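All figures in this text were calculated on a predicted structure; none of them were measured in a lab.
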Amino acid sequence: MVRRHAFHYRYDTAAELKLLNALYALVRVRLNLFTATTKAVGWRSNKHGKKARIYDKPRTPYQRVIDSGILTGAKAAELAELMEITNPADLTRGITKIQTQLIALAAAKTRALEASSTRAQLDEASKTLSRAS
């Protein structure tokens, strides 16, 4: 999940850490409130005897925890309020804004690394090396 939302850049400054923490807070809310998943609930066999998985209907982690009945009343009310006040479009806009800022911060470091690396010459790969020389 980390690389999916923060990409494969190196983040090593305090500003980047602050942005990453804000990003993960938004991603966590979107994932748990609005991203539906299916869970494997059993097996079945087709007419040829091949086994196949059976999945339940897609539900969000929020729906699953509410349906389980393991939450206290106060915690269930807190989650219901969070669900009520959260706008998925605003979440996505916030995530995109932070990702854009992270890319801008990482771009300078990436260009510096590219400038410091050396590239092979055009004919360098065609030369065969000999152990005798």
Does [X] reach the side chain of [Y], with side-chain heavy atoms less than 4.5 Å apart?
| X | Y | result |
| --- | --- | --- |
| L102 | Y9 | no |
| R4 | V27 | no |
| Q63 | K57 | no |
| Y62 | L82 | no |

What's the shortest heavy-atom distance between [X] and [Y], and which atoms?
| X | Y | result |
| --- | --- | --- |
| T92 | R30 | OG1-NH1, 3.3 Å |
| T60 | F34 | CG2-C, 3.9 Å |
| Q99 | H5 | NE2-O, 2.8 Å |

- prompt: How many angstroms lie between atom CG of D90 and atom CD1 of I85, to the nearest 0.5 angstrom?
  reply: 11.0 Å

task: Indicate, with yes or no, if L17 and I98 share a hydrophobic cluster defined by side-chain heavy-atom contacts under 4.5 Å among Ile, Leu, Val, Met, Phe, Trp and Tyr.
output: no

- prompt: Are I103 and Y24 connected in the hydrophobic side-chain network, where two residues link if heavy atoms are under 4.5 Å apart?
  reply: yes

Side chains of residues 36-48: which donor-acceptor partners sit under 3.5 Å, not counting sequence neighbours?
from	atom 1	to	atom 2	distance (Å)
N46	OD1	H48	N	3.0
N46	OD1	G49	N	3.1
N46	OD1	K50	N	2.9

- prompt: Passes side-chain contact (heavy atoms from CB on, under 4.5 Å), I95 versus L23? Steps please.
  reply: CA-CA 6 Å; I95 289 169; L23 175 68; 3.8 Å; yes

query: When L31 is tested against each of V29, L33, T35 for side-chain contact (heavy atoms from CB on, under 4.5 Å), which residue passes?
result: T35

- request: Could you give me the CA-CA distance, side-chain angles and deciding distance for D56 and R64, then say whether side-chain contact (heavy atoms from CB on, under 4.5 Å) is met?
  value: CA-CA 11 Å; D56 65 353; R64 291 181 191 282; 2.8 Å; yes

message: Any side-chain to backbone donor/acceptor pair from Y11 onto L19? Under 3.5 Å, distance only.
response: no

- request: Verify the neighbour count for atom CZ of R53: are there more than 12 heavy atoms of other residues, nucleotides or ligands below 6.0 Å?
  value: yes

